[in-house]
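Inspection log for the structure reproduced underneath, given as structure tokens.
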Amino acid sequence: MPQPAPCAGFYSVPLGRLPVVSFPTSASLRCRARRSVEGRRSVRLRSASAFPHLICHRRCHSAISIAKFNQFGDKPKGDSSSFMENDDDDKQAIDVSQKIEERCFAGTSYIPVYVMLPLDVIDNQGKLAYPEILLEQLRALKSINVDGVMVDCWWGIVEASAPRIYNWGGYKQLFQIVRQLKLKLQVVMSFHECGGNVGDDVWIPLPQWVIEIGNNNPDIFFTDREGRHNMECLSWGIDRVRILYGRTAVEVYFDYMRSFRVEFDELFEDGTISELQIGLGPCGELRYPSYPAKHGWRYPGIGEFQCYDAYLLKSLRDAAKARGHPLLGKVPQNTGSYNSQPHETGFFRDGGHYDNSYGRFFLGWYSKILIDHGDVVLSLAKLAFEGSLISTKISGIHWWYKTASHAAELTAGFYNPCNRDGYASIASMLKKHDATLNFTCVELRTLNQQADFPEALADPEGLVWQVLNAAWDVSLPMASENALPCYDRDGYNKILDNAKPLSDPDGRHLSSFTYLRLSPVLMCSHNFKEFSRFVQRMHGEWVPNSC
């Protein structure tokens, strides 16, 4: 593999003054991301990869060199000259924190903090990309007491060439580095494609042998009303259909998970692997691929139902016959298109067909397919990873939350109109498997959404609070991550408020938080210092406001 050019921020340039590297402002980053989905993690918004696009910048050198200096456990000091030695620090920082009154989190519960590794930390040939750079970055994270890292184990890389032929080589090398640094691992069983959504700068397709089957039978993929097939993941209609060279889709997932468990038995036994996050749909989330950018969706469009493949259409017809009303076995026709707004459709408008007997039947079936898929895959994950913590991700679809129908949630499979709690049944299913619910968008503020996109009628804070309560009502652990790249104190404060809510009478809190994502921008000194401060507060340590 060709090696990247030496990075001045890490190795090759003496500590003289380097040219200023201009970063986009926090506002421009947010604007750019929101143009397509508020930069949501739901569409896997990625910050720049830490490996192929190294930023030669002295402030990155500051963070890494401090990590080297403190590799025996000393934390970098807030007034360290290594952080402050660059005259252009304020200009280069993504966002300068404003002095605002903050809650003191000293003595509060310890919430573990993980950091997602870059999407392409393992390349498409199954090899670890740039291990020397990764090692230095992980040492920096360890120096500020980050608890661990999250990594995607891509189905399209590990089982790429042939069924049941698994290549775990690159992951073995990566996991040994993490283990040596005494960090923990959250591992994602990623049964989806990477690429094609906003922010994706890496292309990792499904396994080639699966794509070949799909070329002959495209109905194995989710399909929209126009007949466009979405190859991000397999349709849940084939969960129990033996169409993948004699195996059902859930059998393929189980064999993959069992292979992982056997291959990394030692890391399970010593506790290095702390959690398995089970991918259950596009972007690894339990949802339909209802708002694909590749098919023209733009924020804040309501999306489209994704049940036009032959297998799901048959399931719908069978459900209608079992109900005794065969005429109900069809997909609604007056639902608009990907970029419609609710009031423009007969189905989603106030008083629309979503709330009549036919609409309730269809939406009940559509959401049941989603819950059944999660139920069967998690039951097999529990079997494959017996005794280990498992989790799954639920996307935070907050746009149109202030309307009656919650149209964007409905097309994604969350049956959550204003007169129904669509997340209670999902939480109950996860509770059945003792699986943690991982939710996104905890750093978003409703007022900011109203200012930037008032027409979206979004309410991320209301949605987060609803999902928190749905989980906690059944004593289900709740974890989370940020949806947008976050470097500023205001965003961190919002995460902390959701992680340890004052308004909860029982003092409940998140079980863990995973930060999106390790990148050169995070490693720059101002941003790294701000992140270090955030980690301390998540751990319940005292941090002065002036820091």
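Quantities reported herein were computed from a predicted structural model and do not represent experimental measurements.
Side chain of Thr446 to backbone of Glu461: a donor-acceptor contact under 3.5 angstrom is found. Distance alone, capped at 3.5 Å, is enough to place a donor-acceptor pair between the Asn469 side chain and the Trp465 backbone. A donor-acceptor pair is defined here as one N or O able to donate and one able to accept, closer than 3.5 Å; no such pair exists between the side chain of Asp152 and the backbone of Ser190. Checked by atom type and distance alone, the side chain of Lys500 never pairs as donor or acceptor with a backbone atom of Arg508 at under 3.5 Å. Judged by distance alone, the side chain of Ser405 and the main-chain N or O of Phe348 form a donor-acceptor pair under 3.5 Å. With hydrogens and angles disregarded, a donor-acceptor distance shorter than 3.5 Å links the side chain of Asp147 to the backbone of Val113. Between the side chain of Asn482 and the backbone N or O of Glu443, no donor-acceptor pair lies under 3.5 Å. A donor-acceptor contact shorter than 3.5 Å is absent between the side chain of Lys142 and the backbone of Leu183. With hydrogens and angles ignored, the 3.5 Å screen pairs a side-chain donor or acceptor of Asp488 with a backbone N or O of Asp490. Checked by atom type and distance alone, the side chain of Ser480 pairs as donor or acceptor with a backbone atom of Phe439 at under 3.5 Å.
The aromatic rings of Tyr401 and His406 are tilted relative to each other, their planes meeting at an angle between 30° and 60°.
Salt-bridge annotation for Glu530 and Arg489: present, with a side-chain N of the basic residue lying under 4.0 Å from a carboxylate O of the acidic one. Ion pairing of Arg349 with Glu344 is absent here, as no side-chain N (NZ or NE/NH1/NH2) approaches a carboxylate O to less than 4.0 Å. Between Lys393 and Glu275, none of the side-chain N atoms (NZ, or NE/NH1/NH2) sits under 4.0 Å from a carboxylate O, so this pair counts as no salt bridge. Between Glu102 and Arg537, at least one side-chain N (NZ, or NE/NH1/NH2) sits under 4.0 Å from a carboxylate O, which counts as a salt bridge.
Open room surrounds CD on Glu386; 12 or fewer heavy atoms of other groups in view lie less than 6.0 Å from it. Heavy atoms from other residues, nucleotides or ligands lying under 6.0 Å from NZ of Lys368 number 12 at most.
Nearest heavy-atom pair, Pro417 versus Leu410, reported as atom, atom and distance to 0.1 Å: CD-CD2, 4.1 Å. The two residues Cys418 and Thr403 have their closest heavy-atom pair at CB-O, 4.4 Å. Across every non-hydrogen atom of Gln536 and Val543, the tightest pair is CB-CG2, 3.6 Å. The nearest pair of heavy atoms linking Thr440 to Gly396 is OG1-N, 2.9 Å. Closest non-hydrogen pair, Glu304 versus Gly336, comes out as OE2-O, 4.4 Å. In terms of heavy-atom proximity, Leu522 sits nearest to Arg517 at CD2-O, 4.1 Å.
Partners of His509 according to the ring pair (Phe, Tyr, Trp, His ring centres under 6.0 Å) rule, which considers only residues two or more places apart in sequence or in another chain, do not exist here.
Taking the six-membered ring for Trp, Phe453 and Tyr299 have ring centres closer than 6.0 Å. Aromatic ring centroids of Tyr288 and Trp236 lie under 6.0 Å apart. Ring centers of Phe264 and Phe260: under 6.0 Å apart, within the cut-off.
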Candidate pair Glu541 and Asn145, rule side-chain hydrogen bond (donor to acceptor under 3.5 Å, both in side chains), full reasoning:
CA-CA 12 Å; Glu541 300 174 18; Asn145 291 331; 4.7 Å; no
Decide side-chain hydrogen bond (donor to acceptor under 3.5 Å, both in side chains) for Asp459 and Gln449; before the verdict, give the C-alpha distance in whole Å, the side-chain angles of both, and the deciding distance to 0.1 Å. CA-CA 7 Å; Asp459 187 7; Gln449 308 306 307; over 6 Å; no
side-chain contact (heavy atoms from CB on, under 4.5 Å) for Arg103 and Leu502? Distances and angles first, verdict last.
CA-CA 10 Å; Arg103 281 177 59 190; Leu502 275 175; 3.4 Å; yes
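Both the sub-6.0 Å distance and the 45° axial angle are satisfied by Arg287 relative to the ring of Tyr291.
Under the 4.5 Å side-chain criterion, counting only non-hydrogen atoms from C-beta, Leu437 is in contact with Ile394. Proximity of Gln277 to Thr514: side-chain heavy atoms (C-beta onward) are nowhere separated by under 4.5 Å. Between Leu510 and Leu468 the shortest side-chain heavy-atom distance falls below 4.5 Å.
With Tyr366 as the partner, the ring-ring contact (aromatic ring centres under 6.0 Å, His included) test is satisfied by one option alone out of Phe414, Phe305, Tyr415, Tyr354: Phe305. For the side chain to side chain donor-acceptor pair (under 3.5 Å) with Glu409, the qualifying choice from Trp400, Tyr423, Trp399 is Tyr423, the only one to do so. Among Phe513, Phe528, Tyr515, the one residue that satisfies the ring-ring contact (aromatic ring centres under 6.0 Å, His included) test with Phe534 is Phe513.
Inspection of the Gln466 and Asn416 side chains reveals an N or O donor paired with an N or O acceptor under 3.5 Å.
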